[in-house]
Student: 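Can you keep this structure in mind? I'll have questions shortly.
Letters go in sequence order (proteins before strands), and every chain restarts at 1.
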Protein chains: 2
Amino acid sequence: MTFFKIISIFDESAFEDVKINLMTTIYDIAKKTGFSITTVSRALNNYSDVSEKTKKLILEAVEEMHYYPNSVARTLSTKKSWALGIIFVEDLGIGMKHPFFNSVIEGFKKSVEKKGYDLIFLNRNVGGVKMSYLDHALHRGVDGIAVVSSNYDDSEVEKIIASTLPNVIIDLHSTKSNVVYSDNLHGCELAIDHLYSLGHRKIAHIAGHPKTFVGLERLKGFKSAMKNHGLDIHKRFVVDGGLFSAEGGYNAMRKLLQMKDRPTAVFAAGDNMAFGAMKAIREAGLKVPEDFSVIGFDDIELAGEITPFLTTIKQDMDKIGEKAAEVLLQGIDNKSEPSTCIVPIELIKRESTKSVN
Amino acid sequence: MTFFKIISIFDESAFEDVKINLMTTIYDIAKKTGFSITTVSRALNNYSDVSEKTKKLILEAVEEMHYYPNSVARTLSTKKSWALGIIFVEDLGIGMKHPFFNSVIEGFKKSVEKKGYDLIFLNRNVGGVKMSYLDHALHRGVDGIAVVSSNYDDSEVEKIIASTLPNVIIDLHSTKSNVVYSDNLHGCELAIDHLYSLGHRKIAHIAGHPKTFVGLERLKGFKSAMKNHGLDIHKRFVVDGGLFSAEGGYNAMRKLLQMKDRPTAVFAAGDNMAFGAMKAIREAGLKVPEDFSVIGFDDIELAGEITPFLTTIKQDMDKIGEKAAEVLLQGIDNKSEPSTCIVPIELIKRESTKSVN
DNA sequence: AAAATGACCGAAAACGCTTTCGATTTATCA
DNA sequence: TGATAAATCGAAAGCGTTTTCGGTCATTTT
């Protein structure tokens, strides 16, 4: 770092910049002002029993010496870290690349940051030692946990739910903790209603993996909506699309295409699966929406950018993140009862569906 | 929380579970084993001067009492937090939804987690008080910072670069700190070579915003590659695509479409801009690649999933994240010299380019 | 003028860990 | 067997805060 040395000879302020992270402590500013560290601390935390005059003096010194309290020491003393743990539970291994997860977390992040919380990603190994997510959270001293989970039964998640550490689970149902998820059932209704109104009667469903909560919910929603319209649910028209990937949707659609008696419309439990399905349709020399109507679920970024623009059920991911933040912070502040928040959903009509021929 | 109370009456182990986060400390396990906290600490940290026998005893107690060291206290004492700060600098406000950023960070995350580090998102307000990213990092006591920056000149980023806190900057160039980015220049060469070899001579460039490093780099690369082939660079064929969004690409392409003398191919500085451009082309009743060849930059997830599949320059985002982790951890361990890492790039031929008519 | 009140401030303990330094015990050697 | 070295452990200080408790003034009350 010769660079800094050279600079420092000529420019005193640059030298200070370099030393900036040699931590100035509360002692330094106590020494400078002549007050005790107690008084300094009280001034910084807006206690009433410190006169305006000394408070002003102290704050000036703080400003001048570029002091910020060490959050680690503060946390040790107060047991409040102002940090929230976040956990992704999914089997694809794509983590932050997951288009639903990252949208939700971005909304969550924006909300909690306003309240002064930082986000910290929790994993399962700390310095080589495998530990549970909960243990990691405890070890780190976070004030609460948000988990975004695609998996239905997960012992890790259950451990968190059973703990007294404030938490919120996104995209999972439980009566024992705070949960928030979209109104999947109503979403399915909207989708099927839409297809029905276009004249479709033979409707297939590309289902999400049965080990995922939303996969199961949407399958349930599909069946119930079909029943509402008095439509038959051919077992062969319900095909597994795997873990919501485009590839899974592609494979599922290929199965549907091989049938002699084909559906006229397909409702995919996720946008990526819908994209995969459309790819399979194109490859078979057929067209969307002329030969097949396709409707997705999620409304991820690119649903409106790639042709044919995908008709889909929109999840309000910002709102989900926001709500999750709300109930979590509430749980942190005053240990409220477990709450279930179901956020509204919306049909977005685009180009991938049309009336049956 | 009546739930827990009821349980605890009947089931002692469930009760323990509930109390699990009432922190068992090193004192507890000292008391239980009869050794001093010093010895316990040494046993846990693999010091040599503790006998195998007592070590075993202590580790058993640790296991039994479900003890994990409090990382906050440990950090305060050792000045090592095993946490890395990450910062997004971008003007779109999409944060984690940014397809390049989140891919890179996912790769980074996986690498550092293996070494025992946690990731913490840094923002600029701590409990209502605005502070700089650097101050926030210092305040939090992270061991290092990774910044993913799209902006060329940013005082915040410069502050970090100038600090002694180990850091790595992704997608920015500087000789004063660790940086890692793709071989943008060569990427542009590959793109133009490809178009040239297909017979294209009138090539337009949808440029990234000039305040971004990659925007400037790719513009430079475009010009230099064109020159290499002895091709003219019509000023009107270089059009600003804004902040790499689909919308920006859309608007840019519309400008190109209005010209009487149109290009036959367009090289967009980002995939999203390429998507936007293709949308504009379709809306004009024209086709890709029949009427226009389009090539992008990035190879984001959906480049290979939406029709026409996009020919593009692939950035190896996993590798970028991985390399960033490598140099950052190296900088933390032994304060090495600033390093510049340029990661290789690749042409992915797909359907959006064809030979000129 | 003495006593009571309130405003303002400091000493010290605590948070849970690491680490230095020294003490005690055990093993080793002559 | 006595001296010495090695192995094993504990006391205590320290990391940078917060917070309890009490003390010193100046001010008010009677």
Student: Rounded off to whole Å, could you give me the CD1-to-P distance for the B:Ile26 and C:dC15 pair?
Tutor: 14 Å
Student: How many whole angstroms separate atom CH2 of A:Trp82 from atom C1' of D:dT18?
Tutor: 15 Å
Student: Please give, in whole Å, the distance from C:dT19 P to B:Lys80 NZ?
Tutor: 13 Å
Student: If the cut-off is 4.0 Å, is B:Ser36 near the phosphate of D:dG10, judged by side-chain N/O to OP1 or OP2?
Tutor: yes
Student: Does A:Ser77 have a side-chain nitrogen or oxygen under 4.0 Å from the phosphate oxygens OP1 or OP2 of D:dT19?
Tutor: no
Student: Who passes ring pair (Phe, Tyr, Trp, His ring centres under 6.0 Å) against B:Phe121, sequence neighbours left out?
Tutor: A:Phe121, B:Phe88
Student: Which residues satisfy the ring pair (Phe, Tyr, Trp, His ring centres under 6.0 Å) test with A:Tyr133, sequence neighbours excluded?
Tutor: none
Student: So what does B:Gly141 hit on the nucleic acid, given a heavy-atom distance under 4.0 Å: a base, only sugar-phosphate, or nothing?
Tutor: nothing
Student: Rounded to whole angstrom units, what separation is found between the NZ atom of B:Lys56 and the C1' atom of D:dT8?
Tutor: 18 Å
Student: Using atom CG of A:Leu138 as one end and atom P of C:dG16 as the other, report the distance to the nearest whole Å.
Tutor: 13 Å
Student: In whole Å, I'd like the distance from the NZ atom of A:Lys53 to the P atom of C:dC8.
Tutor: 10 Å
Student: Does the side chain of B:Tyr67 get closer than 4.0 angstrom to OP1 or OP2 of C:dC17 through an N or O atom?
Tutor: yes
Student: If you compare all heavy atoms of A:Leu76 against all heavy atoms of B:Ala73, which two are closest, and at what distance to 0.1 Å?
Tutor: CD1-CB, 3.8 Å
Student: With DNA chain D as reference, determine whether B:Ser51 or A:Thr38 sits nearer its 5' end, using the nearest nucleotide of each.
Tutor: B:Ser51
Student: What I want to check is whether the side chains of A:Thr38 and A:Ser41 have a donor and an acceptor closer together than 3.5 Å.
Tutor: no
Student: Please check this pair: side chain of B:Asn70 against backbone of B:Val72, looking for a donor-acceptor N/O pair closer than 3.5 Å.
Tutor: yes
Student: Write out a two-atom table: protein N or O, nucleotide N or O from nucleotides 24-27 of chain C, distance below 3.5 Å.
Tutor:
none

Student: Just do the salt bridge (Lys or Arg N to Asp or Glu O under 4.0 Å) check on B:Glu106 and B:Lys110 with the steps written out, would you?
Tutor: CA-CA 6 Å; B:Glu106 180 64 25; B:Lys110 287 208 177 101; 3.3 Å; yes
Student: Look for any protein N or O under 3.5 Å of an N or O in nucleotides 4-6 of chain D and output each such pair with its distance, or none.
Tutor:
none

Student: What's the closest nucleotide to the B:Asn70 side chain, out of C:dA11, C:dG16, D:dG10?
Tutor: C:dG16
Student: In whole Å, I'd like the distance from the OH atom of A:Tyr27 to the P atom of D:dT18.
Tutor: 11 Å
Student: Might you list the N or O atoms of the protein lying below 3.5 Å from N or O atoms in nucleotides 25-27 of chain D, with each pair's distance?
Tutor:
none

Student: Side-chain donor-acceptor pair under 3.5 Å between A:Ser81 and A:Asp143, yes or no?
Tutor: yes
Student: With distance as the sole test, does A:Asp28 use its side chain to make a donor-acceptor pair with the main-chain N or O of A:Thr25 at under 3.5 Å?
Tutor: yes
Student: Hey, which sits more toward the 5' end of DNA chain D by its nearest nucleotide, B:Lys55 or A:Tyr68?
Tutor: B:Lys55
Student: What does A:Phe35 touch in the nucleic acid at a heavy-atom separation under 4.0 angstrom: a base, only the sugar-phosphate, or nothing?
Tutor: sugar-phosphate
Student: Identify which one of A:Val157, A:Ile145, A:Val142, A:Ile87 satisfies the side chain to side chain contact (heavy atoms under 4.5 Å, CB included) criterion when paired with A:Asn167.
Tutor: A:Ile145
Student: Run the salt-bridge test on B:Glu326 and B:Lys323 with the 4.0 Å N-O cut-off and return the result as yes or no.
Tutor: yes
Student: Counting only N and O atoms by type, is there a donor-acceptor contact under 3.5 Å from the side chain of A:Arg124 to the main-chain atoms of A:Ser132?
Tutor: no
Student: Would you say A:Lys80 has more than 12 foreign heavy atoms packed within less than 6.0 Å of its NZ?
Tutor: yes
Student: Please give, in whole Å, the distance from C:dA14 P to A:Leu76 CG?
Tutor: 14 Å
Student: Does a side-chain N or O of B:Lys79 approach OP1 or OP2 of D:dG16 to a distance below 4.0 Å, or not?
Tutor: yes
Student: Give a yes or no on whether the backbone of B:Ala325 and the side-chain of B:Glu322 come within a donor-acceptor separation of less than 3.5 Å.
Tutor: no
Student: Using a heavy-atom cut-off of under 4.0 Å over every strand shown, decide if A:Thr54 touches base, sugar-phosphate, or nothing.
Tutor: sugar-phosphate
Student: Taking only the side-chain heavy atoms of A:Ile37 (C-beta and beyond), determine which of D:dG16, C:dG10, D:dT18 contains the nearest atom.
Tutor: D:dT18
Student: How are the rings of A:His98 and A:Phe101 set to each other: parallel, tilted or perpendicular (split at 30° and 60°)?
Tutor: parallel
Student: Applying side-chain hydrogen bond (donor to acceptor under 3.5 Å, both in side chains), run through A:Lys55 and A:Asn46 and close with a yes or a no.
Tutor: CA-CA 9 Å; A:Lys55 187 174 189 169; A:Asn46 286 315; 3.1 Å; yes
Student: Heavy atoms within less than 4.0 Å of DNA chain D: which residues of residues 41-50 of chain B have one? Give them sorted by number.
Tutor: B:Arg42, B:Asp49, B:Val50
